[in-house]
Amino acid sequence: MKRIFIQKYKPLDFKFYQNVDDFVVVEEPIAFANRGNFIILKIKKVNLGTWDLIEKVAKGFNIYENEIGYAGLKDKNATTTQYLSIPKKYAKDVKKFKHGKIEIVETFLHGTKLNIGDLKGNTFEINLHEVKEEDVGIIEKRLKEIAKAGMPNFFGFQRFGKDIKENLEKAQKVIYGDLKIKDRKLEKMLISAYQSDFFNRWLAKRLLMSKEKFDLLGGDVMMQLSDEKFFTPKNITEKIQSDYDNHKIVPTGLLSGRNVFKSMGEAGKIEQEFDDTYIQEKGLRRAAVVFPRDISVNYNKEEQKCKLRFTLPKGAYATVLIENIGSKYLRS
């Protein structure tokens, strides 16, 4: 699906490669208790997706995959640092673990198994290649503008797999009972992609209705960034608008499913167009916009290489920010 962005930037000419040298991600973890019945493994990995990592850690420790907890899914084609949890009873095996693509950097104790979402965000270091010197200032300016107005929180192309259309068709058949898939992990991934496609199309429509930033509507489900609690104002008051402008709250979009808050009024009418009540997976709300922070830009003139460093909240895609900066699509 073609991206819609608030800023009508002219496309920039640069090359982006997702590999271990040019795409580095470090999870920003929650605070660990330093006591408890679980060991937290801080792991640095290369050319391994999270599912592959879990499989190899399970094999290396001779434990079941469902004993391993993780906070977020990380890309395969990258150098990534992320956290896994295993029961404390396997502590003696930590030093014995060896794998060419996996390094256990550090360990901590914690009171509970890690669950998806148990992280604050992710810090990225990304190299853009063949960047003209005169474009470096433009990149910096755009990053500052996006950080202020907010980045549309689209799901990136990685969410949908290689055969996007085919995967969405399969997901719909699964949801409507016309296709059975024995692999529960694959089934969940397909349904997640289906939910994400609805969200992306909803977000694109709302952005087309917006001007200088994502415009709020009465009945939007808002999320407080301090504690991730939701509330649904009937009308957008000056206080709500001010809190949004000051990055205290954000509007959210629907990931269709059961037991989830839904927007009301004017916002609800639009949201209904992008809902599928047949989905039996748990529904969620996702921030419509996120605010990049801790931004830095460094340029190597000889190599025409521009290194970007920034932090995004959990679940946000760095590739979407690159698309927003460059006004170009990394994959159609």
Side-chain angles (χ1 to χ4, degrees), residues 20 23-76 78-126 153 185 188 223-230 247-248 250 282 284-287 290-296 309-318:
V20 296
F23 199 93
V24 178
V25 192
V26 178
E27 256 183 14
E28 193 178 310
I30 57 172
F32 300 126
N34 291 321
R35 53 189 168 81
N37 293 320
F38 290 86
I39 299 173
I40 304 296
L41 307 175
K42 180 181 180 180
I43 287 178
K44 185 176 182 181
K45 62 182 180 65
V46 294
N47 278 331
L48 276 179
T50 299
W51 296 121
D52 300 321
L53 170 65
I54 289 170
E55 181 186 328
K56 295 188 186 311
V57 168
K59 188 175 180 181
F61 281 85
N62 195 27
I63 61 179
Y64 293 107
E65 288 185 23
N66 61 13
E67 292 183 272
I68 300 171
Y70 63 96
L73 295 173
K74 296 289 173 285
D75 292 306
K76 177 181 179 179
T79 297
T80 62
T81 299
Q82 72 175 112
Y83 296 81
L84 301 183
S85 68
I86 60 172
K88 187 179 177 181
K89 61 185 177 182
Y90 301 117
K92 64 184 185 300
D93 298 318
V94 171
K95 289 185 179 179
K96 298 176 189 174
F97 181 84
K98 294 285 186 291
H99 191 280
K101 295 182 178 181
I102 301 167
E103 177 191 358
I104 298 176
V105 179
E106 204 172 349
T107 62
F108 311 86
L109 284 176
H110 195 51
T112 58
K113 179 181 178 180
L114 284 181
N115 290 303
I116 195 81
D118 282 345
L119 72 161
K120 295 176 183 175
N122 295 287
T123 296
F124 297 87
E125 280 191 6
I126 291 174
N153 198 20
K185 192 186 294 182
K188 285 189 78 171
M223 182 175 73
Q224 297 175 168
L225 293 180
S226 60
D227 57 12
E228 298 185 356
K229 288 186 177 177
F230 299 105
H247 303 179
K248 293 180 179 179
V250 288
K282 175 79 174 73
L284 296 167
R285 302 296 308 186
R286 176 178 171 86
V290 294
F291 303 104
R293 58 179 172 85
D294 303 332
I295 294 166
S296 68
R309 183 183 170 90
F310 53 87
T311 300
L312 293 175
K314 59 188 178 186
Y317 286 75

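Positions are given from 1, in the same order as the sequence printed here.
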Legend entry - Exam field: side chain Asn153 to backbone Ala287, donor-acceptor pair closer than 3.5 Å: yes
Legend entry - Inter-residue atom distance Lys113.NZ - Asp118.CG, 0.5 Å rounding: 11.5 Å
Legend entry - Heavy-atom neighbours of Lys185 NZ exceed 12 at 6.0 Å: yes
Inset, instruction - Please confirm whether the backbone N or O of Gly117 pairs with a side-chain atom of Lys314, one donor and one acceptor, at under 3.5 Å? - result: yes
Legend entry - Donor-acceptor pair between Lys74 and Thr50 side chains, under 3.5 angstrom: no
Legend entry - Separation between CZ of Arg309 and CD of Glu125, rounded to the nearest 0.5 Å: 5.0 Å
Inset, instruction - Measure the spacing between OH of Tyr317 and CG of Leu312 and express it to the nearest 0.5 Å. - result: 12.0 Å
Legend entry - Audit row: Leu109, Ile39, side chain to side chain contact (heavy atoms under 4.5 Å, CB included) steps and yes/no: CA-CA 5 Å; Leu109 284 176; Ile39 299 173; 4.2 Å; yes
Inset, instruction - State the CZ-OG1 distance between Phe32 and Thr112, to the nearest 0.5 angstrom. - result: 9.5 Å
Inset, instruction - Apply salt bridge (Lys or Arg N to Asp or Glu O under 4.0 Å) to the pair Arg293 and Glu28, showing each step before the final yes or no. - result: CA-CA 13 Å; Arg293 58 179 172 85; Glu28 193 178 310; 2.9 Å; yes
Legend entry - Short side-chain to backbone donor-acceptor contact, Thr311 and Asp294, under 3.5 Å: no
Inset, instruction - Report the distance from atom CD1 of Ile104 to atom NZ of Lys98, rounding to the nearest 0.5 Å. - result: 8.5 Å
Inset, instruction - Fit a plane to each ring of Phe108 and Tyr83, take the angle between them on a 0 to 90° scale, and name the class: parallel (under 30°), tilted (30 to 60°) or perpendicular (over 60°). - result: tilted
Inset, instruction - Decide side chain to side chain contact (heavy atoms under 4.5 Å, CB included) for Glu67 and Phe61; before the verdict, give the C-alpha distance in whole Å, the side-chain angles of both, and the deciding distance to 0.1 Å. - result: CA-CA 11 Å; Glu67 292 183 272; Phe61 281 85; over 6 Å; no
Legend entry - Crowding at CG, Asn115 (>12 non-hydrogen neighbours, <6.0 Å): yes
